[in-house]
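Please read all numbers here as calculations on a predicted model, not as lab measurements.
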Amino acid sequence: GLLAGIAVDVPLHPLDTLKTRVQSREGFWPAGGYRHLWSGLSAVLAVSLPGSALFFVVYESSRHFLERRIPATQHDKYKAMSRDAVAASVADVSACVVRVPCEV
């Protein structure tokens with residue numbers, strides 16, 4: 001989970017910075033243009049990485065818990081998809097407990 005968070009946040013941070021500068025009221029160039037695109041990455045990682053790690057831990061735990069309780073047959077793919085969807089929902093809610101207070 002931690003590596004997944006890094007794999008997403010590090011390459012996309014400059015793009016997010018550019019998007020923010022394009023949307024700036026003062027305009028793209030006065031907001032910084034193409035300079036310092038990696039500024040603020042440490043703050044983003046400090047918020048994002050714990051949430052990503054928690055998401056994957058809770059997702060895997062929930063998925064395994066549900067697999068033991070609701071076994072799926074080979075012909076019933078809807079049960080497997082439903083289990084994964086419930087596990088992902090539980091994991092996302094858990095990750096929001098970490099992520100949302102940090103972003104506010």
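His36 NE2 to Leu41 CG: the interatomic distance, rounded to the nearest 0.5 Å, is 15.0 Å. Rounded to the nearest 0.5 Å, atoms CG (Asp76) and CD1 (Ile70) are 10.5 Å apart. Between atom OG of residue Ser94 and atom CZ of residue Arg99 there is a gap of 10.5 Å, rounded to the nearest 0.5 Å. Atom CG of residue Asp9 and atom OG of residue Ser52 lie 6.0 Å apart, to the nearest 0.5 angstrom. Note: Arg63 CZ to Phe56 CZ = 11.5 Å, rounded to the nearest 0.5 Å. Atoms CZ and CD, from Phe55 and Glu60 in turn, are 9.5 Å apart once rounded to the nearest 0.5 Å.
Pairing each heavy atom of Gly51 with each of Ala95, the nearest pair is O-CB, 3.5 Å. Pairing each heavy atom of Thr17 with each of Leu37, the nearest pair is OG1-O, 3.3 Å.
Following chains of ILVMFWY side-chain contacts shorter than 4.5 Å, one cannot reach Trp38 starting from Leu12, and the two form parts of different hydrophobic clusters. Clustering ILVMFWY residues whenever any of their side-chain heavy atoms sit less than 4.5 angstrom apart, transitively, puts Val98 in the very cluster that holds Val58. Phe65 and Val86 fall within the same hydrophobic cluster, defined by Ile, Leu, Val, Met, Phe, Trp and Tyr side-chain heavy atoms under 4.5 Å apart, directly or through other members. Residues Leu2 and Val10 share a single hydrophobic cluster, defined by chaining ILVMFWY side chains whose heavy atoms lie under 4.5 Å apart.
Without hydrogens or angle criteria, Arg21 side chain to Gly27 main chain gives no donor-acceptor distance under 3.5 Å. The closest donor-acceptor contact from the side chain of Arg69 to the backbone of Leu66 lies at 3.5 Å or more, if one exists at all. Judged by distance alone, the side chain of His13 and the main-chain N or O of Leu45 form no donor-acceptor pair under 3.5 Å.
Enclosure of atom CG in Leu3 is not indicated, since only 12 or fewer non-hydrogen atoms of other residues, nucleotides or ligands lie within 6.0 angstrom.
Not counting sequence neighbours, the partners of Tyr34 by the ring pair (Phe, Tyr, Trp, His ring centres under 6.0 Å) test are Phe28, Trp29.
Side-chain contact between Asp84 and Tyr59 is present, with at least one heavy-atom pair separated by less than 4.5 Å.
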